[in-house]
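Everything on this sheet refers to the single structure shown next.
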Amino acid sequence: MTSLIFYGGLRTIGGTIIAVEYKNKRVIFDFGLTYNPAGQVLDGQVMPRPSALTRDYLRLGLIPPIDGVYPQDSLPSHSSILSAQEYEGETAVLISHLHLDHMGAMGLIDPSIPVYMTKESQHLYESLHTIGEGAPGERTYQTCIEEQPFSIGEIIVTPLPVDHDIVGACAFHIETPEGSILYSGDVRLHGAHPDRIQSFVNQSKGKGFDVLIMEGTTLRNEEQLSVEDLTADASNPEDLLTEEKRVPEQIAKELNAVKGIGVFNIYHRNIERIQNMILAGKEASRTVVLEIETAEIASNHLEEANFHIYESEEIQEEKDNLPLWKRRLLEKYPTVSVQEINKNPEAYLLQNSYPNALELLDVNVESGIYIHSNGVPLGSFDPAYDNLHRLLDLIGLEKVQVDCGGHAIPQHLQYLVDELDPKILIPLHSFHPERLFPPNGKQFLPKYGSVYKLLNGDIFEE
Ligand SMILES: [Zn+2]
Ligand SMILES: [Zn+2]
């Protein structure tokens, strides 16, 4: 019998963790942490305890108490959770993409359990690991190839590439002898690769599936999102702030309108955005200056990258004691100090990530502009967002927003569901999953703590 168990992500943004079991084999997908900066004990000030992560995360409700996943010595003593060593079945974990809400806890999985990600994700992960942004925990990761099926016992998994605001993102088609499931991961249609989504739809229909598990990040309640705005439509509405391909021109326009420095804040796992910032700098005839961590990602993942590295005081003072990866970058790319930038601020487009916000105190920001472009803090739901504004007000730097989100807008979500036309739709990764319905099949909203059986194209509680 094929069963499904939902451990996370049903009514949250991310933290999606689902198990599909057949006989004594199972796959679990994904393994991240729910994104909820305003409601967590780990608020960025309370520091995690590296040696007690699994124990602490379990107690704080950040990861679910799943049998057979965590190493024996990481669990609390006398825990009722079976360790990976005590568990009799075989498990594999699938990671759709490298956003924290999909991979943040994957380092806590017992090293005996394979954790699969696409080749491109694996490549990005190596860079993240180098710059200290890997998932906490010591283990290695396994590679899966897009569009190539692989098996865990009689469960056959096929990763299908999708478009999202990170490289390597995929959906998973998961098939047992009794039925099949399509898990979308995170998707969008207004990005730079809508062709990938079309091909994902075609391949999924070709393979067939009983259950579609679909993200619904942008769904809202009826007051905030009318039924009309949820009408299937694949085109990009006129008032859609930005499509990814329009980001460089929009940024250049903002830059050309000011006489001072351009500062930008992005999320550097979005490699296309790094590329687009470099393009925007070129278009506005400004030198693009990257923080050294972002420079490492740009250097590893962009074919042609024309930028300078920001010469922080750490770089100036510690030059010979820096880790090898930093020294290599400094040999390869030109650097620029804040003193140099301040001589002619309007000639620069300078990266500043939120943790480094105090660097801005040294920068001549007169008549400049702060371009917030999907960097953290992302919005007013994060308490740090007010703090960012506090700092910008204090130094007198005007902020503009140039965003392109990673998640399908509501009419695109409905379009995708209509196209895929599932027998059973399970919307999740959303505050309002109940808003999304399939055109012909049924909507199914699972609960935590239940085991669901999949048989003859239908799903029911055990
Ligand atoms: Zn997500
Ligand atoms: Zn994502």
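In this text the structure is predicted, and so the values were computed from the model without any measurement. These values consider heavy atoms only, across backbone and side chains, with no hydrogens, waters or symmetry-generated copies. In listed order, ligands and their atoms are each counted from 1.
Rounded to 10°, the angle formed at the Zn ion (ligand 1) by OD2 of Asp186 and NE2 of His429 is 110°.
One side chain, His102 or His429, offers a donor N or O that lies under 3.5 Å from an acceptor on the other. Residues Gln351 and Thr294 bring a donor and an acceptor atom of their side chains to less than 3.5 Å of each other.
Because its NZ or CZ atom is both nearer than 6.0 Å to the ring centre of Tyr87 and within 45° of the ring axis, Arg26 counts as a cation-pi partner of that residue.
When distances to the Zn ion (ligand 1) are checked against a cut-off of 2.8 Å, Glu215 contributes no N, O or S atom below that limit. The Zn ion (ligand 2) has no N, O or S atom of His407 closer than 2.8 Å. At least one N/O/S atom of His102, from backbone or side chain, sits under 2.8 Å from the Zn ion (ligand 1).
Looking at heavy atoms from C-beta onward, Val157 lies out of side-chain contact with Ser151 at the 4.5 angstrom threshold.
The minimum distance between the Zn ion (ligand 1) and any N, O or S atom of Asp101 involves atom OD2. Between the Zn ion (ligand 2) and the N, O or S atoms of His97, the shortest distance is to NE2. For His99, the N, O or S atom with the smallest separation from the Zn ion (ligand 2) is ND1.
For Phe29 and Phe172, the distance between ring centers is not under 6.0 angstrom.
Between Tyr141 and Ala135 the shortest heavy-atom distance is OH-CB, 4.2 Å.
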